[in-house]
Amino acid sequence: MKFICKDFWTTVFKKQIDNLRTNHQGIYVLQDNKFRLLTQMSAGKQYLEHAPKYLAFTCGLIRGGLSNLGIKSIVTAEVSVMPACKFQVMIQKM
């Protein structure tokens, strides 16, 4: 996950992830406080319902990156305040 947060995220979004948390049971939460794909949208709540559409692509990027490393995962995203977002990565047991 450190690879995703540092190298992968820096290559794709030109910055590191702001926060990485884990419950030590295969669930990781990646937080980006100024997510690049949402910064062009209004900081108000009027576009909040449209934000998940912009996060689906990034969920696929994370899942694909982990898959190429041989790690099966489920990735979901949530936005509570724009342009910050959280990605939850659940590593699946093989």
Side-chain angles (χ1 to χ4, degrees):
M1 288 309 294
K2 284 186 180 181
F3 166 74
I4 294 292
C5 293
K6 290 185 175 190
D7 302 326
F8 184 81
W9 210 262
T10 302
T11 301
V12 176
F13 297 110
K14 309 282 191 262
K15 67 185 278 296
Q16 287 187 3
I17 201 86
D18 293 314
N19 196 350
L20 169 66
R21 294 179 186 252
T22 181
N23 69 351
H24 300 288
Q25 296 176 352
I27 296 178
Y28 298 88
V29 177
L30 290 68
Q31 183 173 347
D32 193 335
N33 296 326
K34 254 187 131 173
F35 187 59
R36 199 172 199 95
L37 297 180
L38 297 179
T39 53
Q40 299 299 320
M41 297 174 111
S42 172
K45 292 193 179 272
Q46 71 187 76
Y47 295 114
L48 197 57
E49 65 186 50
H50 300 292
K53 297 173 193 169
Y54 293 89
L55 300 178
F57 176 72
T58 307
C59 287
L61 282 176
I62 296 170
R63 186 172 176 217
L66 289 171
S67 178
N68 280 318
L69 295 172
I71 301 169
K72 237 182 142 171
S73 63
I74 296 173
V75 182
T76 57
E78 67 179 61
V79 178
S80 53
V81 178
M82 301 261 281
C85 64
K86 292 181 182 179
F87 296 93
Q88 181 173 323
V89 181
M90 186 177 358
I91 305 298
Q92 296 181 314
K93 307 285 186 217
M94 295 213 176

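Everything numeric here is computed off the predicted structure, so don't read it as measured data.
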Distance, nearest 0.5 Å, that separates CG of Asn33 from NZ of Lys86: 9.0 Å
Value rounded to 0.5 Å, distance of CG in Asn23 from CD in Gln88: 8.5 Å
Which pair of non-hydrogen atoms, one from [X] and one from [Y], has the smallest distance, and what is that distance?
X	Y	result
Cys59	Thr76	SG-C, 3.9 Å
Ile17	Gln31	CG1-O, 3.3 Å
Arg36	Thr39	O-OG1, 3.0 Å

Partner set under ring-ring contact (aromatic ring centres under 6.0 Å, His included) for Phe3, not counting sequence neighbours: none
Qualifying salt bridge (Lys or Arg N to Asp or Glu O under 4.0 Å) pairs, either residue in residues 63-83, two or more places apart: none
Phe35 and Trp9 aromatic ring geometry - parallel, tilted or perpendicular at 30°/60° bounds: tilted
Val29 reachable from Ile91 in the ILVMFWY side-chain graph, under 4.5 Å edges: no
same_hphob_cluster(Leu69, Met1) at 4.5 Å side-chain heavy-atom cutoff: yes
Side chain proximity check, Asn19 to Arg21, heavy atoms < 4.5 angstrom: yes
Any side-chain heavy-atom pair of Leu61 and Val12 under 4.5 Å: yes
Backbone N/O of Val75 and side chain of Ser73: donor-acceptor pair under 3.5 Å: no
More than 12 heavy atoms of other groups within 6.0 Å of Phe8 CZ: yes
Residues in salt bridge (charged side-chain N to carboxylate O under 4.0 Å, His left out) contact with Asp18, at least two apart in sequence or another chain: Lys15
